[in-house]
Amino acid sequence: LDIGGEVAEQRAIVEQMMASFGRADDVATSDTTLGGVRATLVETSATLADRVVLYLHGGAYALGSANGGAGLAAEVGRRTRARAYSLEYRLAPEYPYPAAIEDCIAAYRGLLDGGFDARQIALAGESAGAGLVAATLIRAKTAGLPQPACAALMSPWVDLTLTSPTLQTKADVDPVLTVHGLRRRAGEYLAEAQAKAASPLFADLSGLAPMLIQAGSHEILLGDAVGLAGRVAEHDGRVELQVWPGVPHVFQSFASILDDGTQALDTLGAFVAGCLTSAGAPAIPETLECGDLLGAVRRPRQRLPQRWLTRR
């Protein structure tokens with residue numbers, strides 16, 4: 001995987017990579033729309049009808065798909081007993097900023113218009129998708145929409161100006177991302193003059209839903225995660241930051257081979273489930289432990305092709 005490579009080639013590689021992770025036998029997917037935006041509905045044997053996760057896949061605003069993101073969406077949904085909608089938001093360079101954010105807010109409106117109370121909705125995403133989660137919270141506030149119950153952000157990319165010191169200090173240990181690659185994708189997504197205004201890191205972060213932010217210490221976007229948590233706290237928001245040592249960008253996607261990934265997803269699921277429960281949705285039975293829920297569908301650990309984990 002070369003995040004800054006030619007778009008068509010890298011899109012194909014990302015889809016192959018996502019497919020290689022596999023899905024548990026009880027995961028069911030179907031095509032649907034939310035607010036006029038295409039999405040993949042993801043359900044598991046644990047799904048309840050009265051709670052929902054709007055899931056935004058990663059891919060540097062140019063790569064990835066709703067179907068590719070369905071695997072992580074399923075694992076978030078399983079741990080929260082929610083149906084998950086993995087959104088097919090529009091990608092750059094064909095559809096530059098603000099097309100993706102417009103799709104995300106349209107989908108969120110679609111859930112509200114479809115009868116879900118905001119307290120029954122959680123937002124989740126990884127990488128650029130986590131950046132879109134933050135942007136959607138901000139746009140919802142600006143539009144006068146109620147905030148969802150909470151938001152979970154995995155390795156968020158929220159500074160499109162690319163000014164974080166960790167872009168340099170973590171470059172030697174990040175096996176996935178490069179500054180060159182991010183700069184190329186950002187240049188396709190928006191004009192340089194738009195970068196700061198489009199970056200959630202520099203927005204008014206007051207009045208947003210509670211957030212959980214997770215990142216690995218071996219990623220160049222570590223500074224984005226730390227910076228976002230700090231700025232939410234400065235705006236008196238509820239935020240929890242978890243930095244997992246020695247793991248890469250979106251390490252949760254490697255849960256089938258990485259124990260830290262499984263533990264992070266369990267923690268994320270508990271956070272989201274707690275927010276949905278406290279907001280009025282039925283609680284997950286106390287006798288149902290996450291390990292019990294997952295035990296029947298745990299897949300054998302796999303070894304990923306090295307070419308997907310080696311930076312070019």
Side-chain angles (χ1 to χ4, degrees), residues 1-25 27 29 38-40 42 55-78 84 86-94 100 124-133 153-157 173-182 184-186 188-189 214-216 218-221 244 246-262 264-265 268 297-312:
L1 176 64
D2 177 8
I3 199 70
E6 195 275 326
V7 168
E9 177 186 5
Q10 297 307 310
R11 284 176 178 171
I13 291 173
V14 167
E15 292 306 309
Q16 293 171 12
M17 182 176 176
M18 294 298 102
S20 76
F21 294 146
R23 297 173 190 166
D25 292 339
V27 175
T29 62
R38 290 187 298 128
T40 298
V42 186
Y55 190 85
L56 307 178
H57 68 81
Y61 300 99
L63 313 175
S65 68
N67 184 62
L72 261 181
E75 294 312 313
V76 173
R78 181 186 311 287
S86 181
L87 194 66
E88 195 77 81
Y89 60 85
R90 287 172 290 175
L91 300 177
E94 295 90 344
E126 94 266 6
S127 194
L132 288 171
V133 166
L153 293 76
M154 295 175 275
S155 297
W157 184 13
V173 295
D174 190 328
V176 179
L177 301 179
T178 66
V179 178
H180 167 76
L182 293 181
R184 178 174 181 181
R185 296 283 90 97
E188 294 168 343
Y189 179 56
Q214 294 181 332
H218 282 191
E219 61 172 302
I220 60 176
L221 290 181
W244 295 71
V247 293
H249 186 65
V250 195
F251 64 97
Q252 299 87 343
S253 64
F254 304 127
S256 63
I257 59 172
L258 188 66
D259 288 339
D260 283 346
T262 299
L265 284 172
L268 184 153
V297 294
R298 184 76 71 194
R299 296 184 298 278
R301 295 194 176 272
Q302 312 167 47
R303 188 173 300 279
L304 295 178
Q306 188 62 33
R307 68 179 185 278
W308 288 341
L309 300 179
T310 303
R311 187 178 67 217
R312 295 190 216 173

Measure the spacing between OG of Ser65 and CE of Met18 and express it to the nearest 0.5 Å.
9.0 Å
Between the side chain of Ser127 and the main-chain N/O of Gly59, is any donor-acceptor distance below 3.5 Å?
no
Relative to the ring of Tyr89, is the ring of His57 parallel (under 30°), tilted (30 to 60°) or perpendicular (over 60°)?
parallel
Check: Leu72 and Val250 side chains under 4.5 Å, non-hydrogen atoms
yes
Where the side chain of Gln10 meets the backbone of Ile3, is there a donor-acceptor pair that is under 3.5 Å apart?
no
Parallel under 30°, tilted from 30 to 60°, perpendicular over 60°: which one fits the rings of Trp244 and Phe251?
tilted
Test your reading of the model: is there a side-chain donor-acceptor pair from Arg38 to the backbone of Glu88, 3.5 Å cut-off?
no
Shortest non-hydrogen contact from Arg90 toward Ala100
O-CB, 3.6 Å
Looking at Ser86 and Ala66, what are the two nearest heavy atoms and their distance?
OG-O, 2.7 Å
Heavy-atom pair of closest approach, residues Pro248 and Phe254
CG-CE1, 4.0 Å
Glu94: which residues meet the salt bridge (Lys or Arg N to Asp or Glu O under 4.0 Å) condition with it, sequence neighbours left out?
Arg11
Quick one: does Tyr55's side chain have a donor or acceptor within less than 3.5 Å of a partner on Ala74's backbone?
no
Spatial distance of atom CG (Leu177) from atom CG (Asp2) [nearest 0.5 Å]:
10.5 Å
Could you report the tightest heavy-atom contact between Leu91 and Gly64, atom names first, then the distance?
CD1-O, 3.5 Å
Between Ile220 and Leu182 the two heavy atoms that sit nearest each other are CD1-CD1, 3.8 Å
Note: Thr29 and Ala70 closest approach over all heavy atoms is CG2-CB, 4.4 Å
Are Gln252 and Val76 close enough that some pair of their side-chain heavy atoms sits under 4.5 Å apart?
no
Between Glu219 (side chain) and Gly216 (backbone), is there a donor-acceptor pair under 3.5 Å?
yes
Using a 3.5 Å distance criterion without hydrogens, assess whether the side chain of Gln214 forms a donor-acceptor pair with backbone atoms of Ala264.
yes
